[in-house]
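Numbering of ligands and ligand atoms starts at 1, following listing order.
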Amino acid sequence: MKAAVLYEPKTPLRVEEVEIDAPKQGEVLVRIAAAGVCHSDYHVMTGDLAAPMPIILGHEGAGVVEAVGAGVTSVQPGDHVVLLFRASCGRCEYCSRGRPALCGLSRPTRATGTMLDGTTRYRRDGEEIKHFCGVSCFAERTVVMEQALVPIRKDVPLEIAALVGCSVMTGVGAVVNTARVEPGSSVLVIGAGGVGLSTVMGAQLAGASPILVADLVPSKLELAREFGATHVIDARQRDTVEAARELTGGEGVDYAFEVIGLGRTMTQAFRATRRGGTAVAVGVAPSDAVVEVPAQELVFSEKTLKGSFYGSTRPHADMPRLLELYRAGRLPLDRLLTRRYPLEQINEAYQALLSGEVARSVVIPGGIGSAAV
Ligand code: COD
Ligand code: ZN
Ligand code: ZN
């Protein structure tokens, strides 16, 4: 099968033929219909996020089950599925408490880039190729553990379902699951990439008003308006915190979301909240980064700073619901999906992400048009 392989940081992805094994016990072979171009994979390409190599990246995807290994009971060939980059066991303390995004099931495999048995299912010329987040969807096919799949209805385009696997779940979930924003709350979103725009959509869905959005790129701010931003802040021209205070009568916002992954902008999110407000960090900062918050303000203003990973998702409940909201016209995911690329043009897709040209793009390994139905 064809796959995009990263051999070393700071080199382009190489789209080439890779051998893929049949699924083993508890595993599933999925044909990838669409894979989202997310910034997190780019962190691996630049070397900012460590990963074993060579590796097949991609962690936002959807597809169709082609074959199941022994013992698999939750899906069958022909099922449409969203892939999860954080599989959960359903039984541990975290899962039992409704926090499967914190489950440790896939922990042993993250650093090794293997399946749970310590081996990989991809090879080229006898060399092992590693798995990324247990998903590796920049390929025509993948093998994942059964727990990394959420079956979905078949009448939703798979290219839309793919976005739910990361950006939409992460952004909307940060608002509705992690922060539980109430209608009428004021919200600030710092960073209007694919995940930030999904956060804006979540704020709109939750009935927040006003919704302020800060970014450095004017085209991203324009997009943010389309997704529900009532005010935009050009962070090249203005201090985000000052502007957010000014736009809320000097008070600051009830909820501020940082969707970039920088300690500096997390501090801004905290400082932009009003008394009793909550700052939510969604972006993952470099491993040595530290967030500084004014210690007095934390106490006197009873502020909260919290992290949100994968939108605090309970995927089997949340993802079908997000797709229902899309079908009902309440989540404009068609507008988020601005461009489609064949797998061969994946490096160009990343260049477009960096230049700020697109809201969200996907690669379609089976050829453009094949994931629209
Ligand atoms: N002020 C305002 N905006 C800024 C600033 C700044 N100082 N710096 C950058 N920005 C803007 C950029 O112009 C851009 O529009 C946006 O921030 C970032 O968007 P993208 O499209 O490059 O990135 P996304 O939306 O694809 O990804 C953002 C994440 C925060 C998800 C990602 O980078 C990250 O932190 N990933 C790790 C976290 C994670 O959960 N990973 C697992 C799956 S994503
Ligand atoms: Zn992602
Ligand atoms: Zn668990």
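Given atom 31 (C) of ligand 1, the protein heavy atom at minimum distance is Val195 CG2, 3.5 Å. The single protein non-hydrogen atom nearest to atom 37 (C) of ligand 1 is Ser40 OG, 3.2 Å, given as residue, atom name and distance. Scanning all protein heavy atoms for the shortest distance to atom 7 (N) of ligand 1 gives Thr265 CG2, 3.7 Å. Among all protein heavy atoms, the one lying closest to atom 24 (P) of ligand 1 is His39 CB, 3.6 Å. The shortest contact between atom 13 (O) of ligand 1 and any protein heavy atom is with Asp215 OD1, 2.6 Å. For atom 28 (C) of ligand 1, the closest heavy atom belonging to the protein is Val259 O, 4.0 Å. Given atom 33 (O) of ligand 1, the protein heavy atom at minimum distance is His43 NE2, 3.2 Å. The protein heavy-atom contact nearest to atom 21 (O) of ligand 1 is Gly193 CA, 3.2 Å.
Atom 6 (C) of ligand 1 has its nearest heavy-atom neighbour, among Ile190, Asp48, Leu216, in Leu216. Of the candidates Tyr42, Phe309, Phe257, it is Phe309 that places a heavy atom closest to atom 40 (O) of ligand 1. Within the set Val358, Thr199, Ile260, Val282, the minimum heavy-atom distance to atom 29 (C) of ligand 1 is found for Ile260.
Taking 4.0 Å as the cut-off between side-chain N and carboxylate O, Arg264 and Glu292 do not count as a salt-bridged pair. Looking at Arg99 and Glu93, no side-chain N of the basic residue comes within less than 4.0 Å of a carboxylate O on the acidic one, giving no salt bridge. Between Glu324 and Arg330 there is no salt bridge, since none of the side-chain N atoms of the basic residue sits less than 4.0 Å from a carboxylate O of the acidic one. Taking a cutoff of 4.0 Å between a charged side-chain nitrogen and a carboxylate oxygen, Glu128 and Lys130 qualify as a salt bridge. For the pair Glu251 and Arg245, the salt-bridge criterion is not met [side-chain N within less than 4.0 Å of a carboxylate O]. A salt bridge between Glu302 and Arg275 is absent, with no side-chain N of the basic residue lying under 4.0 Å from a carboxylate O of the acidic one.
Side-chain contact, Tyr326 with Asp334: a donor N or O sits under 3.5 Å from an acceptor N or O. Tyr350 and Gln345 are not linked by any side-chain donor-acceptor pair at a separation below 3.5 angstrom, with hydrogens and angles left out of the test. No side-chain N or O of Ser88 forms a donor-acceptor pair with one of Tyr94 less than 3.5 Å apart.
Inclusion of Gly194 in the set of residues having an N or O under 3.5 Å from an N or O of ligand 1 is warranted. Considering both main-chain and side-chain atoms, Val284 comes within under 3.5 Å of ligand 1 through a nitrogen or oxygen pair.
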Chi angles and distances behind the salt bridge (Lys or Arg N to Asp or Glu O under 4.0 Å) call for Glu17, Lys2: CA-CA 5 Å; Glu17 279 300 318; Lys2 258 186 308 171; over 6 Å; no

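Contacts of Glu60 with ligand 1, taken as heavy-atom pairs under 4.0 Å, are absent altogether. Looking at Arg360 against ligand 1, only its side chain comes within 4.0 Å, counting heavy atoms.
Taking the Zn ion (ligand 2) as the apex, the angle formed with SG of Cys166 and NE2 of His59 is 110°, to the nearest 10 degrees. The SG atom of Cys95 and the SG atom of Cys103 meet at the Zn ion (ligand 3) at an angle of about 110°, given to 10°.
Atom CD1 of residue Ile129 and atom CZ of residue Arg121 lie 14.0 Å apart, to the nearest 0.5 angstrom.
Both tests pass for Arg14 against the ring of Tyr7: distance under 6.0 Å to the centre and angle within 45° of the axis.
Of all the heavy atoms in Thr265 and Ile190, the pair that sits closest is O-CD1, 3.7 Å. Of all non-hydrogen atoms in Cys38 and Cys166, the two that sit nearest each other are SG-SG, 4.0 Å.
For ligand 1 and Val217, the ligand atoms under 4.0 Å from any heavy atom of the residue are 13 (O). Near Lys220, meaning under 4.0 Å from one of its heavy atoms, ligand 1 places the atoms 15 (O), 21 (O). Near Phe85, with a cut-off below 4.0 Å to any heavy atom, the atoms of ligand 1 are 42 (C), 43 (C).
Residue Gly356 places every heavy atom at 4.0 Å or more from ligand 1. Within the 4.0 Å heavy-atom cutoff, Leu353 counts among the residues contacting ligand 1.
Note on Cys38: counted as a metal contact of the Zn ion (ligand 2), an N/O/S atom lying under 2.8 Å.
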